[in-house]
Structures are given as structure tokens and as C-alpha cells.
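Worth knowing before you read on, the calculation uses all heavy atoms, side chains too, and leaves out hydrogens, waters and symmetry mates.
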Amino acid sequence: QVQLVESGGGLVQAGGSLRLSCATSGRTFSNYAMGWFRQAPGKEREFVAAVSWSGAVTLYRDSVKGRFTISRDNAKNTVYLQMNSLKPEDTAVYYCASRTSNGAVPNISGYQYWGQGTQVTVSS
């Protein structure tokens with residue numbers, strides 16, 4: 001059974017930083033691309049960042065480029081999202097997701113496994 005468990009969310013002031021982690025189990029982590037998505041109240045879930053199986057390819061939505069960094073540690077079966085210079089508009093529940101193939105893609109439908117999410121709140 002594939003499991004994804006996010007951690008690291010919390011309340012932070014604008015301009016601050018957080019690092020999200022997503023620990024996975026139940027499959028060979030290093031074979032598959034991973035992604036981070038977020039959903040704010042009343043809004044649809046949206047793509048944030050993705051990383052290929054090897055970590056060589058990363059994708060970001062425009063609004064987080066230069067502020068967020070996705071990375072992975074295949075030895076620890078964990079993917080990370082380092083978030084710097086946080087803004088109130090980054091407030092959302094952040095979800096980790098896994099594909100069943102090795103290339104990074106930005107579309108929700110490309111991901112088959114999802115975590116339960118972790119809340120990130122940025123105060124102004």
C-alpha cells in the first residue's frame with residue numbers, strides 16, 4: 001500500500017520560511033516523479049512544483065519561482081519543498097503527490113497517489 005505523509009506546515013509571518021517534507025512508503029520511491037500541490041479555501045487545487053525520479057528535472061508554477069525549491073532524497077524516500085519569502089497568498093493546504101512514471105509533469109491528473117495534506121498559513 002502506497003503511503004505519503006506530509007509534515008512541516010505551520011503558521012509563519014510574511015517573509016518567513018518553511019520546509020515541507022513528504023515521507024513515502026509502499027513502493028520504490030526512486031523510480032517515480034513527485035509533486036507538490038496546494039489548495040486554498042474556496043479555490044481549486046493547483047500545481048506548485050514537481051521533480052523527476054532522479055531530481056535532475058524540476059518544474060515550478062510561475063508565482064513560486066525563485067522562492068520555492070523542490071528536492072528529493074531517494075535514500076530516505078522523502079521529497080521536500082523549501083519555501084522562502086512566503087506571502088499571504090501562499091496560504092493553503094499543501095499536498096504531496098506521486099506519479100506512476102518517472103517524468104515530472106505539472107498537471108493534477110498525472111499523479112496517482114496523494115497525501116493527506118499539511119496546512120501552511122502565512123500572516124501579513
Side-chain angles (χ1 to χ4, degrees):
Q1 181 179 0
V2 178
Q3 290 190 318
L4 287 73
V5 180
E6 302 96 335
S7 62
L11 173 64
V12 64
Q13 289 189 331
S17 297
L18 284 174
R19 188 175 84 152
L20 305 183
S21 300
C22 174
T24 73
S25 61
R27 65 203 298 236
T28 305
F29 175 77
S30 60
N31 287 353
Y32 306 107
M34 301 291 296
W36 285 96
F37 293 77
R38 66 187 181 187
Q39 188 166 18
K43 295 187 176 182
E44 294 185 353
R45 192 170 299 190
E46 63 183 20
F47 168 75
V48 176
V51 61
S52 63
W53 68 280
S54 65
V57 177
T58 55
L59 304 175
Y60 298 93
R61 71 179 297 108
D62 286 346
S63 62
V64 308
K65 286 180 181 177
R67 300 189 298 123
F68 291 11
T69 303
I70 188 170
S71 62
R72 64 190 296 159
D73 186 336
N74 286 345
K76 295 183 177 179
N77 293 343
T78 301
V79 63
Y80 304 97
L81 185 68
Q82 177 67 44
M83 305 186 294
N84 299 329
S85 302
L86 282 161
K87 304 175 181 180
E89 51 263 44
D90 294 318
T91 295
V93 177
Y94 282 70
Y95 297 90
C96 171
S98 177
R99 302 198 68 204
T100 55
S101 58
N102 57 23
V105 297
N107 50 300
I108 291 175
S109 62
Y111 293 80
Q112 289 72 44
Y113 299 101
W114 293 83
Q116 293 300 307
T118 185
Q119 177 70 48
V120 171
T121 303
V122 184
S123 64
S124 56

Chemist: Test of understanding: with ring pair (Phe, Tyr, Trp, His ring centres under 6.0 Å), list the residues that count as partners of Tyr111, not counting sequence neighbours.
Modeler: Phe37
Chemist: Taking atom OG1 of Thr69 and atom CG of Asn84, what is their separation to the nearest 0.5 Å?
Modeler: 6.5 Å
Chemist: Once rounded to the nearest 0.5 Å, what's the spacing between atom OG of Ser71 and atom CZ of Arg19?
Modeler: 7.0 Å
Chemist: Using modelled atom types and a 3.5 Å cut-off, is there a donor and acceptor pairing between side-chain atoms of Thr28 and backbone atoms of Ser30?
Modeler: no
Chemist: Which distance, rounded to the nearest 0.5 Å, do you find between the CG of Asn31 and the OG of Ser101?
Modeler: 11.0 Å
Chemist: Any heavy-atom pair between the side chains of Val48 and Leu81 that's under 4.5 Å?
Modeler: yes
Chemist: Got a second to check how far Gln3's CD is from Ser25's OG, nearest 0.5 Å?
Modeler: 4.5 Å
Chemist: Show the atom names and distances, to 0.1 Å, of all donor-acceptor pairs under 3.5 Å that link a side chain in residues 117-124 to residues at least two apart or in another chain.
Modeler:
unit_1 : atom_1 : unit_2 : atom_2 : d
Thr118 : OG1    : Gly9   : N      : 3.3
Gln119 : NE2    : Ala92  : O      : 3.4
Gln119 : NE2    : Thr121 : OG1    : 3.3

Chemist: Within the structure provided, determine whether Leu86 and Phe68 are in side-chain contact (heavy-atom separation under 4.5 Å).
Modeler: yes
Chemist: Distance check, rounded to the nearest 0.5 Å: Met83 atom CE versus Arg38 atom CZ?
Modeler: 9.0 Å
Chemist: Checking Tyr60 side chain against Ile70 main chain: does a donor-acceptor pair fall under 3.5 Å?
Modeler: yes
Chemist: Out of curiosity, Tyr32 OH to Gln112 CD, how far, rounded to the nearest 0.5 Å?
Modeler: 10.0 Å
Chemist: Give a yes or no on whether a salt bridge exists between Asp90 and Lys87, defined as a side-chain N under 4.0 angstrom from a carboxylate O.
Modeler: no
Chemist: Phe29: what forms a ring pair (Phe, Tyr, Trp, His ring centres under 6.0 Å) with it, not counting sequence neighbours?
Modeler: none
Chemist: Using a 3.5 Å distance criterion without hydrogens, assess whether the side chain of Arg45 forms a donor-acceptor pair with backbone atoms of Tyr95.
Modeler: no
Chemist: Check whether any side-chain N or O of Glu6 sits under 3.5 Å from a backbone N or O of Gln116 as a donor-acceptor pair, and report yes or no.
Modeler: yes
Chemist: Can you tell me if Arg27 and Thr100 form a side-chain donor-acceptor pair at under 3.5 Å?
Modeler: no
Chemist: List the steps and the verdict of side chain to side chain contact (heavy atoms under 4.5 Å, CB included) for Cys96 and Met34.
Modeler: CA-CA 7 Å; Cys96 171; Met34 301 291 296; 3.6 Å; yes
Chemist: Determine whether a donor-acceptor pair (N or O, by modelled atom type, separation under 3.5 Å) exists between the side chain of Ser21 and the backbone of Tyr80.
Modeler: no
Chemist: Measure from the side-chain N and O atoms of Thr78 to the backbone N and O of Lys76, and report whether any donor-acceptor pair falls under 3.5 Å.
Modeler: yes
